[in-house]
Asks: 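One structure, pasted below without further comment.
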Amino acid sequence: MFSRKNLPHEPLPLPDRFALSDDEMRARVEAFFEHMKKRHSVRDFSPRPVPRAVIETAVATAGRAPSGANHQPWFFAAISDPALKARIRAEAEEEEKRFYDGAAGDEWLKALEPLGTDAAKPHLEIAPWLIVIFAQRWGAFDDGTRFKNYYVPESVGIATGFLIAALHQAGLACLTHTPNPMRFLNGVLGRPASEKPVMILAVGHPADHATVPAVAKLKKPLDEILAVHEGAPARAD
Ligand code: IYR
């Protein structure tokens with residue numbers, strides 16, 4: 001998509017502008033907060049299929065995230081093929097066994113105890129979709145030469161947030177999964193070595209028997225995550 005020829009800076013009038021009254025702003029941000037409060041990471045999925053178009057639009061939403069120099073240093077592999085999901089589960093469980101058998105270290109394993117996670121990852125096969133998120137350290141011009149990407153972890157993190165919010169908007173649940181190391185995903189999915197697998201998102205409808213760990217309901221109150229340094233409001237005129 002990118003070509004080596006210089007792109008001049010060309011300011012366009014802001015498209016898609018919409019201005020809300022203060023009351024409308026408050027109502028909409030509160031409604032969005034109420035909606036996002038209903039998002040929970042889920043470990044038990046229903047095998048109910050999810051249409052490919054839903055996944056495609058959610059990934060297109062992720063692709064609208066801001067990124068360093070607008071290089072969009074991400075790639076998503078969406079997998080519903082049962083054979084591929086089984087391979088990913090088998091390889092991920094191998095890594096997880098090492099992790100839970102001690103590679104993680106005592107402190108990390110203690111921190112995970114309240115979540116009730118272990119090395120068994122059946123959801124990697126049961127969830128109808130896995131989305132593997134890759135971070136691209138370099139991009140390529142259309143002539144094949146490489147360019148450096150900037151703020152890659154930040155950009156990919158923001159895009160992943162958009163993706164999770166879009167899936168939640170569609171009524172779907174997901175679980176972030178990060179087997180360590182994850183290099184096997186490049187081989188399984190045929191991605192180049194310049195791409196670093198960042199996480200696997202298992203996506204689907206929650207199973208009827210799905211639970212969340214009680215500790216996941218503990219969210220820091222606003223006064224622990226926000227400091228406001230308020231000044232006199234600027235005059236509009
Ligand atoms: N990757 C492991 C361990 C794990 C790590 C963290 I940090 C979590 O919040 C949850 C799990 C796993 O997926 O089980």
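Order of appearance sets the numbers: ligands from 1, and atoms from 1 within every ligand. Quick note: residue numbers are just sequence positions, from 1. Bear in mind the structure is a predicted one, so any value in this text is a computation, not a measurement.
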Asks: Looking only at protein heavy atoms, which one is nearest to atom 1 (N) of ligand 1, and what is the separation?
Replies: E96 OE2, 3.0 Å
Asks: Is K37 paired with E34 through a side-chain N to carboxylate O contact shorter than 4.0 Å?
Replies: yes
Asks: Could you say whether the N/O atoms of H177 and ligand 1 ever approach to under 3.5 Å?
Replies: yes
Asks: When you measure from atom 4 (C) of ligand 1 to every protein heavy atom, which one gives the shortest distance, and what is it?
Replies: L112 CD1, 3.6 Å
Asks: Cut-off 3.5 Å, side chains only: do D23 and S21 have a donor facing an acceptor?
Replies: no
Asks: For atom 7 (I) of ligand 1, which protein heavy atom lies nearest, and how many Å away is it?
Replies: W108 NE1, 3.6 Å
Asks: Applying the 4.5 Å side-chain criterion to the ILVMFWY set and letting contacts propagate, would F162 and V59 be lumped into a single cluster?
Replies: no
Asks: Between R52 and E56, is the closest basic N to carboxylate O distance under 4.0 Å?
Replies: yes
Asks: Is the shortest N/O to N/O distance between R43 and ligand 1 below 3.5 Å?
Replies: no
Asks: Minimum heavy-atom separation for L175 and V42, please, with both atom names.
Replies: CB-O, 3.2 Å
Asks: Within a distance under 4.0 Å of any heavy atom of K121, pick out the atoms of ligand 1 and give their elements.
Replies: 12 (C), 13 (O), 14 (O)
Asks: Please report the shortest heavy-atom distance between A65 and W74, naming the atom on each side.
Replies: O-CH2, 3.3 Å
Asks: Has E95 got any heavy atom lying under 4.0 angstrom from an atom of ligand 1?
Replies: no
Asks: Please list, in number order, the atoms of ligand 1 under 4.0 Å from a heavy atom of T178.
Replies: 1 (N)
Asks: Do E93 and R89 sit within salt-bridge range, that is, some charged N less than 4.0 Å from a carboxylate O?
Replies: yes
Asks: Number the atoms of ligand 1 from 1 as they appear, then name those within less than 4.0 Å of a heavy atom of F99, with their elements.
Replies: 3 (C)
